[in-house]
Amino acid sequence: MFDIRKKNAFVCDLDGTLFMGPDPIKPAVDFVIENTRSGRFSYYYLTNNTSKCPEEYMKKISGAAIPVTPEQILTPLITLESYIRGKGCRSVYLIASEKVTAHMAAQLADAGVRFEFDPERNELIALTYDKELTYEKLRKACQLWNGRNVPPSPMCPIRPANQTPVDFVATHPDTCCPSEHGPIPDIGGMMRFLETTNGMKPSHVFGKPSPTLLAPVLAKFKPEEIAVVGDRLYTDKAIADNAGVDFVCVLSGETTREDLDRYAGTPPAAVVDTFDEVEAIRG
Ligand SMILES: [Mg+2]
């Protein structure tokens, strides 16, 4: 049974939970501001969207008058950074916008990582939600994969000698991005494009619902002290379930009461119209 008195940290989805597009959901945002100022709860902000840098989310959150520090932003770009460090990669072919590439290069400057296209040196292909994607970037990814991971054949005649396979990761799995014009392409379509071309598939997909994104929170709090708050069952609830923490479903975004009635999985720990209403729930 959900009990707010047992919680110390909330991991908040943004769109549909604290914001509706550019606009703050006022009661939810006021609740966060009040409890951030008093220090009653720690808040983290969760997004799968790797077309934006963490600084842009800080701007959006602080623009709603919520005090925020960089450590509170959880994006798969942080997971990608840890992955590159953990593997000791020095040469990465990163498919990302210019500003995201500059952000990653700055984050990993101390580790001597080069973000480049170099078939002789590249150890990793990393795909983000690249809104500056071009045919050329997709072609280069296939070229790297073909040269290292595909046995020589009439279709793929070129394979340099003594090359180890190149690793391939994607920052998140979203098949589409919601917009005021309906669903528009996200990273899922980009992955499908590559897979259709030559069978290349990522070894890891970070972001919701992978619990790796919650690692910084789980390092500081016990699972029972944490709740994920969000409006999507298949991403926000899934990451909470995968990390073994409570899920608070808000009805201020995508999920409706009818969706919950039809939902076959375990029910959310709490269901509220807007985030601030968790205040009243005491086991
Ligand atoms: Mg959402």
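Both ligands and their constituent atoms are indexed starting at 1 by order of listing. Note that the coordinates shown come from a computational prediction; the quantities given were computed from them, not determined experimentally. Numbering starts at 1 and runs along the sequence shown.
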Look at the aromatic rings of Y43 and Y45 and report parallel, tilted or perpendicular, splitting at 30° and 60°. parallel

To the nearest 0.5 Å, what is the distance between CG on N122 and OG on S91? 4.0 Å

Check: T128/T50 side-chain N/O donor and acceptor closer than 3.5 Å: no

Can you tell me if Q72 and Y57 form a side-chain donor-acceptor pair at under 3.5 Å? no

Suppose the cut-off is 2.8 Å; which protein N/O/S atoms would you list for the Mg ion (ligand 1)? D13 OD2, D15 O, D231 OD1

Nearest non-hydrogen partners of V113 and C89, listed with the distance: CG2-O, 3.4 Å

Could you tell me how the ring of Y93 sits relative to the ring of F117: parallel (under 30°), tilted (30 to 60°) or perpendicular (over 60°)? perpendicular

